[in-house]
Amino acid sequence: MKATIRERDGVSIIELKGKITIGVGDVAFRETVHKALETGAKKLVVNLGEVTTIDSSGIGELVAAFTTVSNRGGKLRLCKIPPKVDDILQITQLIQVFDIHDDEDEAIAAFTA
């Protein structure tokens with residue numbers, strides 16, 4: 001999995017590509033979130049548009065990221081949820097926990113709403 005961080009309108013956007021699975025993307029995702037927080041980020045958007053696979057470990061990392069960001073006084077939003085990931089979030093009822101948006105523009109705008 002590849003994870004990158006970029007800034008847009010005062011929001012840190014974490015873009016994920018590939019698999020968020022045990023031993024592949026879970027650690028990379030966690031490290032990327034911590035790296036963003038270490039730079040002082042309080043507004044994070046996780047773009048999942050190019051995530052191909054996610055397993056229970058990946059879902060656990062999404063929940064851990066949400067908790068870590070919240071505990072540090074920040075907000076985390078998700079955008080561009082692929083159908084496979086959406087199905088898992090629906091089944092686990094985590095869809096009600098995360099603030100989910102169709103695209104980055106909508107997610108960024110939600111910080112000022």
Side-chain angles (χ1 to χ4, degrees):
M1 188 205 59
K2 183 178 178 187
T4 57
I5 304 172
R6 57 189 163 83
E7 295 290 319
R8 184 170 152 210
D9 300 329
V11 176
S12 294
I13 299 168
I14 297 173
E15 195 164 12
L16 305 176
K17 294 179 183 180
K19 299 178 179 182
I20 309 175
T21 56
I22 191 163
V24 177
D26 57 344
V27 174
F29 175 54
R30 181 183 329 130
E31 289 172 352
T32 304
V33 169
H34 285 279
K35 183 177 174 183
L37 291 171
E38 287 169 8
T39 64
K42 295 287 184 192
K43 299 175 185 176
L44 286 89
V45 171
V46 179
N47 182 332
L48 298 166
E50 294 190 47
V51 170
T52 56
T53 306
I54 192 165
D55 66 3
S56 59
S57 182
I59 292 295
E61 286 302 330
L62 282 176
V63 172
F66 178 83
T67 303
T68 300
V69 172
S70 296
N71 287 343
R72 294 192 184 185
K75 296 275 186 195
L76 182 135
R77 303 181 192 286
L78 306 179
C79 73
K80 290 189 170 183
I81 308 292
K84 288 180 184 179
V85 177
D86 185 63
D87 289 346
I88 293 170
L89 293 176
Q90 295 282 355
I91 290 167
T92 59
Q93 296 186 4
L94 288 170
I95 201 85
Q96 298 168 1
V97 173
F98 293 105
D99 192 354
I100 297 175
H101 300 276
D102 291 335
D103 57 37
E104 285 182 13
D105 293 337
E106 186 181 294
I108 291 169
F111 283 112
T112 58

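Just so it is clear, the structure is predicted and the values come from calculations on it, not from any experiment. Numbering of residues begins at 1 and proceeds along the displayed sequence.
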Just do the side chain to side chain contact (heavy atoms under 4.5 Å, CB included) check on Val97 and Val63 with the steps written out, would you?
CA-CA 9 Å; Val97 173; Val63 172; over 6 Å; no
Kindly determine whether Leu94 and Leu62 satisfy side chain to side chain contact (heavy atoms under 4.5 Å, CB included), including the steps that lead there.
CA-CA 10 Å; Leu94 288 170; Leu62 282 176; over 6 Å; no
Grab the two heavy atoms, one from Ala107 and one from Cys79, that are nearest each other, plus how far apart they are.
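Closest approach of Ala107 to Cys79, heavy atoms only: CB-CB, 4.3 Å.
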Which atom of His101 lies closest to which atom of Ala110, heavy atoms considered
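Heavy atoms of His101 and Ala110 come nearest at CE1-CB, 3.5 Å.
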Please walk me through it: do Met1 and Ile20 pass side chain to side chain contact (heavy atoms under 4.5 Å, CB included)?
CA-CA 7 Å; Met1 188 205 59; Ile20 309 175; 3.7 Å; yes
The test is side chain to side chain contact (heavy atoms under 4.5 Å, CB included); show your working for Ile95 and Asp86 and say whether it passes.
CA-CA 8 Å; Ile95 201 85; Asp86 185 63; 3.4 Å; yes
Report the distance from atom [atom1] of [X] to atom [atom2] of [Y], rounding to the nearest 0.5 Å.
X	Y	atom1	atom2	value
Lys80	Asp102	NZ	CG	10.5 Å
Leu37	Thr32	CG	OG1	11.0 Å
Asp26	Ile54	CG	CD1	10.0 Å
Arg6	Ile14	CZ	CD1	11.0 Å
Arg72	Lys42	CZ	NZ	8.0 Å
Leu48	Leu78	CG	CG	5.5 Å

Heavy-atom side-chain proximity of Ser12 to Glu7 below 4.5 angstrom:
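Answer yes - side chains close enough.
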Please check if the side chain of Lys75 supplies one atom and the backbone of Val69 the other of a donor-acceptor pair under 3.5 Å.
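Absent.
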Apart from Ile13 itself, which Ile, Leu, Val, Met, Phe, Trp or Tyr residues share its cluster (side-chain heavy atoms under 4.5 Å, direct or through members)?
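Val11, Val45, Ile108, Phe111, listed by chain and number.
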Neighbour count above 12 (heavy atom, 6.0 Å) for Lys19 NZ:
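12 or below, so no.
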Option from Phe66, Phe29, Phe98 for which side chain to side chain contact (heavy atoms under 4.5 Å, CB included) with Val46 holds
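Result for side chain to side chain contact (heavy atoms under 4.5 Å, CB included) with Val46: Phe29.
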Kindly state each residue pair satisfying salt bridge (charged side-chain N to carboxylate O under 4.0 Å, His left out) with at least one member in residues 47-66, sequence neighbours excluded.
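Found Arg30-Glu61.
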